[in-house]
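Fair warning: this is a prediction, and the values are worked out from it, not measured in the lab. If you read the sequence from its start, that first residue is 1, and numbering goes on from there.
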Amino acid sequence: STPILVVDSKGRVAAAFVGRPNDPSFVASSKAVYDAMEEEGETAGFQPKTAPHRRGHFTAVNVGVTHGQGTDHPVYLDNHQHTAMMGRLVSNPHVKRLAAFASASLAAFVPGVYDYYKDHLDRLFEHMPSLPRLFPPNVSVYPSAAFNFPPNVWTYKHRDVLNCPFGFCAIQALGRFDPKKGGHIILWELGLIVEFPSGSLVLIPSATITHSNTPVANGDTRASFTQYAAGGLFRYVDYGFRKEKDLKRQDPALYEEISRQRPNRWKFGVDLLTKIEDLRKSFS
């Protein structure tokens, strides 16, 4: 399918409806990922407390590297009784194919953000060699993912405020549903309601744009696979591989410099966004 880009008044890419490759084998991979999630979910023994949550009434399992909400340093999430299941899903070659397509799409349509991710995360994993990557670096730049399990995944109106504020989340729809009857993605500030077929990819700054989905039609089923990056990972690197309170105590000069930059930090993030004319040149 042909990607559709949403740009702001300055011509910067604010969202990318990437779609999916015109390749039957990719569609088959998307179906295989859904089938794997459905099969794993049926035997996982999910507890009622896994749903509902603030994003919706479905079971979501996060996997990968994160930092924040009380951690002293970046950690690989502990999936407890679901560790083996998540290992099987992450190592699934069809999951890796979807992950690679999303990462490559980020590099193609928002290269400034991709480079920012790659630079910081490469330094993080070099500094912490015992910290495992979610995917090999030649597969995906993203450090974390969420598997949103079928049969009825549609999200409430929300923002993912712990993600990098100028980062782009990669959302891939999965399932057996009619995209004209349900499963649409809604970007509230942009006033957009867009069909979101199974196997398709959307890239959005999920921390800053409020988003949700419409339910699928009766009898249809839907899941999703999402990749993201917690903002705390990048701050940890910028702080010299430490928490803010430790930076303040150990390096007051650097702490003061970072504090002075904060009021204009949003400008830094905006400058990482790609202008449509630059994309036209790169694809010409």
Side-chain angles (χ1 to χ4, degrees), residues 3-19 65-68 74 102-124 140-146 155 157-172 185-194 196 201-212 226-240 244 247 254-284:
I4 298 173
L5 304 180
V6 180
V7 299
D8 66 10
S9 60
K10 303 293 186 181
R12 297 172 294 221
V13 174
F17 298 102
V18 180
V65 175
T66 191
H67 180 44
S103 181
S105 296
L106 180 69
F109 296 110
V110 204
V113 171
Y114 176 91
D115 290 343
Y116 178 83
Y117 278 19
K118 187 177 187 306
D119 170 71
H120 279 68
L121 295 173
D122 281 353
R123 285 192 280 150
L124 172 65
S140 180
V141 73
Y142 285 101
S144 312
T155 62
K157 183 178 178 181
H158 72 286
R159 289 182 293 118
D160 301 299
V161 295
L162 296 180
N163 290 353
C164 178
F166 47 82
F168 277 62
C169 178
I171 309 169
Q172 287 165 288
I185 187 167
I186 305 173
L187 304 183
W188 288 83
E189 288 84 359
L190 303 182
L192 294 174
I193 304 175
V194 181
F196 195 5
L201 166 68
V202 172
L203 298 171
I204 61 169
S206 63
T208 53
I209 292 182
T210 307
H211 53 287
S212 62
T226 300
Q227 294 182 87
Y228 63 94
L233 295 173
F234 305 100
R235 291 191 293 274
Y236 184 80
V237 174
D238 287 338
Y239 294 164
E244 182 177 359
L247 169 66
L254 179 58
Y255 175 80
E256 288 299 325
E257 179 183 347
I258 291 174
S259 298
R260 286 195 300 270
Q261 294 172 353
R262 279 181 177 155
N264 294 315
R265 183 67 175 172
W266 66 272
K267 294 181 180 178
F268 171 84
V270 167
D271 286 342
L272 292 179
L273 303 183
T274 310
K275 289 194 174 182
I276 192 69
E277 61 263 29
D278 294 330
L279 284 181
R280 289 195 182 103
K281 293 175 185 176
S282 66
F283 283 104
S284 61

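- Going from atom CZ of F109 over to atom CG of L279 covers 7.5 Å, rounded to the nearest 0.5 Å.
- Expressed to the nearest 0.5 Å, how far CD1 of I185 lies from CD1 of I204 amounts to 4.5 Å.
- A salt bridge does not link K267 to D271: none of the charged nitrogens lies less than 4.0 Å from a carboxylate oxygen.
- The number of heavy-atom neighbours closer than 6.0 Å to CD1 of I193, taken from other residues, nucleotides and ligands shown, is 12 or below.
- When side chains are defined from C-beta on, Y114 counts as touching S103, because their heavy atoms get closer than 4.5 Å.
- D238 contributes atom CG, which lies 5.5 Å from atom CZ of R265 (distance to the nearest 0.5 angstrom).
- Between H120 and V237 the shortest heavy-atom distance is O-CG2, 3.7 Å.
- A donor-acceptor pair is defined here as one N or O able to donate and one able to accept, closer than 3.5 Å; such a pair exists between the side chain of S144 and the backbone of V65.
- A donor-acceptor pair under 3.5 Å is formed between the side chain of E189 and the backbone N or O of T210.
- Partners of A207 under the side-chain contact (heavy atoms from CB on, under 4.5 Å) rule, at least two apart in sequence or in another chain, are N163.
- Minimum interatomic distance between A108 and P111 (heavy atoms only, all atoms of both residues): O-CD, 3.9 Å.
- For the pair A102 and L201, the tightest heavy-atom approach, listed with the atom from each and the gap, is CA-CD2, 3.7 Å.
- How far NZ of K118 is from CG of L106: 13.0 Å, rounded to the nearest 0.5 Å.
- The aromatic ring centres of F234 and F166 sit 6.0 Å or more apart.
- Counting only heavy atoms from C-beta outward, the side chains of R12 and V270 approach each other to under 4.5 Å.
- Side-chain contact check for L192 versus F17: some heavy-atom pair is nearer than 4.5 Å.
- Taking the side chain as every heavy atom from C-beta outward, L187 and V202 never approach each other to under 4.5 Å.
- Rounding to the nearest 0.5 angstrom, the gap separating the OG atom in S282 from the CD atom in E277 is 11.0 Å.
- The two residues T274 and V110 have their closest heavy-atom pair at OG1-CA, 3.4 Å.
- W188 approaches S212 most closely through the heavy-atom pair NE1-OG, 2.9 Å.
- Contact annotation: the side chain of F168 approaches that of L273 to within less than 4.5 Å [non-hydrogen atoms, C-beta and beyond].
- The distance from atom SG of C164 to atom CZ of R235, rounded to the nearest 0.5 Å, is 8.5 Å.
- Q227 is linked by a side-chain hydrogen bond (donor to acceptor under 3.5 Å, both in side chains) to S140, counting only residues two or more places apart in sequence or in another chain.
- Looking at heavy atoms from C-beta onward, H211 lies in side-chain contact with D160 at the 4.5 angstrom threshold.
- Residues Y117 and V113 have side chains in contact (heavy-atom distance under 4.5 Å, counting atoms from C-beta outward).
- You'll find the side chain of P74 reaches within 4.5 Å of the side chain of Y236, heavy atoms only.
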